[in-house]
Every structure is written in structure tokens, then in C-alpha cells.
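Data block below; observations after.
From a predicted model like this one, the values you see are computed outputs, not experimental measurements. Position 1 is the first residue of the sequence, and the numbers go up from there.
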Amino acid sequence: MSDVKTKTTLRVERSGALALVQDAGRLGVRHLGVTQGGAADWVSLGWANWLLGNAHDAPGLEITMGGGLLLKVEQAGTLALCGADLAATLDGEALAPGQAFEVTSGQQLKFERPVAGLRAYLAFPGGLDVAPVLGSAASTVRDGLGGLDGEGRALASGDVLTAASNELSLRELPASAQAWQQSLAAREGEALELPLVVGAQIAEFSGDSLYRAFNSEWAVDGRADRMGVRLTGPRLEREGAGMVSEGIPLGAVQVPADGQPIVLLNDRQTIGGYPRLGALTPLACAQLGQCVPGTRVRLAAVTPGQARRDHLEVLAGWQS
């Protein structure tokens with residue numbers, strides 16, 4: 001357990017590919033043109049926080065790809081790691097995701113490359129000590145909001161990460177969380193199924209296009225980031241006239257003129273004018289946020305009621 005007089009503190013020695021402070025996101029501000037941000041895989045961040053007894057939406061560190069991110073421990077304490085396996089090591093010893101672990105002053109925590117999944121989440125006791133901007137600590141680089149400096153930038157060498165508390169309530173992952181961790185492993189032979197609530201302009205697509213949309217495999221394209229993920233596969237065609245831009249929810253599946261869907265994620269624009277098939281569920285968005293380029297996926301239509309039940313089931317797991 002952490003020393004009662006100090007809080008777990010790390011210093012960034014090398015910034016890696018992309019590391020951002022993230023929480024549940026900046027909600028209730030899209031009418032201002034501000035996107036939500038937040039953890040791409042909110043489930044893994046939630047379980048990392050749960051391991052330490054934090055609120056599931058406490059600010060943590062989202063580490064994408066690894067890229068050699070190197071963190072040095074300045075004040076001893078306890079951390080938790082969930083989400084992707086980015087070949088993490090602590091002083092050269094392999095560190096698997098899905099656990100809380102102690103660190104001592106001088107140790108080095110390193111993240112190398114994706115082994116399974118794309119984004120790892122590092123939780124601190126009480127969350128990271130970061131001042132909220134518009135109600136959230138989430139880093140949105142494009143909007144210049146949140147993060148350590150309030151301006152949304154990614155971590156840089158010399159940055160200091162400090163826990164908000166020295167209080168802990170250590171736990172072990174339940175079976176449901178272990179299943180989520182295992183689902184991030186490389187899939188062989190079977191495409192990942194992504195539940196989608198149909199709606200928006202779906203009735204304006206041709207019957208052949210709708211058949212292809214839900215009966216074909218799609219590949220995650222290399223053109224993917226926190227704003228959106230392009231899927232490549234059969235061409236989809238819309239038969240309707242032009243449309244006026246409208247509000248865009250998390251997971252919206254837009255189909256631009258080239259007929260290749262784009263799933264909009266946490267750092268998406270707030271409005272858009274491309275026709276949509278509907279929106280992936282929040283759980284599906286978390287799964288997609290862990291997909292490396294080339295991952296095969298399938299779209300599966302679900303009802304709003306089923307999507308809500310699945311979402312509430314995850315939230316209920318954090319109340320125990």
C-alpha cells in the first residue's frame with residue numbers, strides 16, 4: 001500500500017507513440033461544438049480503476065500502441081493496468097494487463113508494442129490529479145482541452161503524473177472483467193461482431209447494400225484514430241437525396257460517397273452530413289477502439305433495449 005504521506009508519482013522519461021489523460025469524457029457540451037473525448041475503451045479504464053477502488057470514471061492514462069513509452073517511479077505506490085497487452089515491463093520484467101501492482105522509487109515502467117489490442121489503461125489511486133475542464137479531465141488534442149495542462153496535449157518527456165489520493169481498496173478482477181481482457185487477445189478465424197443500433201438514414205440505402213452491410217466482413221483500415229475508424233469492404237450505396245448536417249452520436253456509422261463506412265468515435269466532430277446506418281453500441285465502440293488495422297469485423301443489428309441492457313450490465317459490475 002502507498003505511503004500515507006506521499007502519493008504515487010511517475011515522471012515521463014520518453015513519451016512513446018501517444019499517451020493521453022482520459023476519463024469518461026466531456027458530456028453535455030456538444031451544443032457548444034465541443035466533442036466528448038474520453039477513453040476509447042471505457043470498459044478497460046473502468047476495470048483498471050475498479051482494481052484500486054476508484055470511481056470507474058476517474059482519470060487515468062490511455063496508452064496507444066506503446067511506442068516505447070517510458071515512465072520512471074518518483075514516489076512509490078500502487079498502480080493498475082488493464083486493456084491491451086503492449087508488452088509492458090517493470091524494470092525489464094513482463095507485466096501482464098488485468099492486475100494491480102506495487103512500484104518502488106526508481107523503477108521504470110515501459111510499454112513497447114501491441115501484442116493483443118491497441119490501447120492500455122494505467123490507473124492511479126484516486127485517479128490522476130488533474131484539474132477538470134468543462135467537467136472532465138479528458139484530453140482532446142483537436143479541441144485543445146483537458147489533460148495535464150488543460151490544453152489537451154499528449155504526454156511529453158518531463159511530464160509528472162501524480163495520483164489524486166493515497167487511499168486504496170485493492171480488488172481482483174471478477175470473471176466478467178477477465179472475459180473482457182481475454183476478448184482483446186488476437187482473434188483467429190472468426191471476425192469480431194460489432195452490435196449496431198440501426199436508424200438515421202438506413203432506409204435510404206439500397207436493399208443490396210443493406211444485405212452487404214450486415215452479411216459481409218469488413219476490415220479495420222489503417223486510417224483510424226480517436227476521431228474515427230474507416231472500414232473497408234463492399235461498396236454501400238444510398239438512394240436518397242442530399243441531407244443537411246445533423247448531430248453525430250458516439251459510434252455513428254457514416255457512409256461517404258466512396259461507399260466505405262466510417263465509425264465515428266470519441267474525438268469525432270459534433271455534426272456531420274453523410275448518411276448513417278445507425279450507431280455502434282458503447283460496448284462495440286470500446287471493442288473497436290482496441291482493433292489494430294487489418295482486424296476483421298462484422299456488423300450485427302441489435303435493438304436499443306438490448307444495447308441498454310448490455311451497457312447497464314457493465315456498469316452494475318462496478319457497483320459490487
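In this structure, the side chain to side chain contact (heavy atoms under 4.5 Å, CB included) partners of I271, at least two apart in sequence or on a different chain, are S245. Under the rule for a side chain to side chain contact (heavy atoms under 4.5 Å, CB included), the partners of S176 that lie at least two apart in sequence or sit in another chain are W47, P174. With sequence neighbours excluded, the residues satisfying side chain to side chain contact (heavy atoms under 4.5 Å, CB included) with A154 are L18, L20. Every residue two or more places apart in sequence or in another chain that forms a side chain to side chain donor-acceptor pair (under 3.5 Å) with D221 is listed here: R223. Applying the side chain to side chain donor-acceptor pair (under 3.5 Å) criterion to D23, with sequence neighbours excluded, gives S136. By the side chain to side chain donor-acceptor pair (under 3.5 Å) test, R30 is found to be paired with no residue, residues two or more places apart in sequence or in another chain being considered. K72 is linked by a side chain to side chain donor-acceptor pair (under 3.5 Å) to nothing, counting only residues two or more places apart in sequence or in another chain. Contacts of E239 classified as side chain to side chain contact (heavy atoms under 4.5 Å, CB included), with partners at least two apart in sequence or in another chain: S206.
A salt bridge is absent between E193 and R298: the closest approach of a Lys/Arg side-chain nitrogen to an acidic carboxylate oxygen does not fall below 4.0 angstrom. Salt-bridge check for R230 with D258: passed, with a basic side-chain N closer than 4.0 Å to an acidic carboxylate O. Note on K110 versus E13: no salt bridge recorded, every NZ/NE/NH1/NH2 to OD/OE distance being 4.0 Å or above.
No chain of hydrophobic side-chain contacts below 4.5 Å, direct or via other Ile, Leu, Val, Met, Phe, Trp or Tyr residues, connects V302 to V253. Using a 4.5 Å cut-off between side-chain heavy atoms of Ile, Leu, Val, Met, Phe, Trp and Tyr, with links allowed through other members, I63 and M65 fall into different hydrophobic clusters. If you chain together hydrophobic residues whose side chains sit under 4.5 Å apart, V115 and L95 never meet in one group. Grouping the Ile, Leu, Val, Met, Phe, Trp and Tyr side chains by contacts below 4.5 angstrom, directly or via other members, places V103 with L161. Taken together through direct or relayed side-chain contacts under 4.5 Å among Ile, Leu, Val, Met, Phe, Trp and Tyr, V229 and L118 form parts of separate hydrophobic clusters.
Here the rule is side chain to side chain contact (heavy atoms under 4.5 Å, CB included) with L312, and of V314, D310, L315 only L315 fits it. When each of L81, L70, L61 is tested with F111 by the rule side chain to side chain contact (heavy atoms under 4.5 Å, CB included), just one qualifies, namely L81.
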Test side chain to side chain contact (heavy atoms under 4.5 Å, CB included) applied to T89 and E112, step by step: CA-CA 8 Å; T89 58; E112 288 284 8; 5.7 Å; no

Between R276 and E246, is a salt bridge (Lys or Arg N to Asp or Glu O under 4.0 Å) present by the stated rule, with each step listed? CA-CA 11 Å; R276 291 176 284 136; E246 57 187 23; 2.4 Å; yes

Audit row: Q178, Q181, side chain to side chain contact (heavy atoms under 4.5 Å, CB included) steps and yes/no: CA-CA 5 Å; Q178 293 174 12; Q181 276 293 144; 5.6 Å; no

CA sep, side-chain torsions, deciding dist, call: C285, L265, side chain to side chain contact (heavy atoms under 4.5 Å, CB included): CA-CA 7 Å; C285 290; L265 297 179; 4.1 Å; yes

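Below 30°, between 30° and 60°, or above 60°: for W42 and W318 the angle between ring planes is above 60°, a perpendicular geometry.
Screening residues 84-100 for salt bridge (charged side-chain N to carboxylate O under 4.0 Å, His left out), with sequence neighbours left out, gives no hits. Within the structure, salt bridge (charged side-chain N to carboxylate O under 4.0 Å, His left out) contacts touching residues 148-159 (residues at least two apart or in different chains) are D149-R153, R153-D159. For residues 124-137, no residue pair satisfies the salt bridge (charged side-chain N to carboxylate O under 4.0 Å, His left out) rule, not counting sequence neighbours. Every pair passing salt bridge (charged side-chain N to carboxylate O under 4.0 Å, His left out) that includes a residue from residues 55-67 is listed here, sequence neighbours excluded: E62-R119, E62-R226.
Other residues, nucleotides and ligands contribute over 12 non-hydrogen atoms within 6.0 Å of the CZ atom of F214.
At distances below 3.5 Å, not a single donor-acceptor pair connects side-chain atoms of Q75 with backbone N or O atoms of T6.
Side-chain N/O atoms of Q107 and T104 include a donor and acceptor closer than 3.5 Å. Of the N and O atoms on the side chains of W180 and S44, at least one donor lies less than 3.5 Å from an acceptor on the other residue. Between R268 and Q36, the side chains place a donor N or O and an acceptor N or O closer than 3.5 Å (distance only, hydrogens not considered).
In this structure, the side chains of L109 and L79 come closer than 4.5 Å at one or more pairs of heavy atoms.
To the nearest 0.5 Å, atoms CG (L231) and CG (L299) are separated by 6.5 Å.
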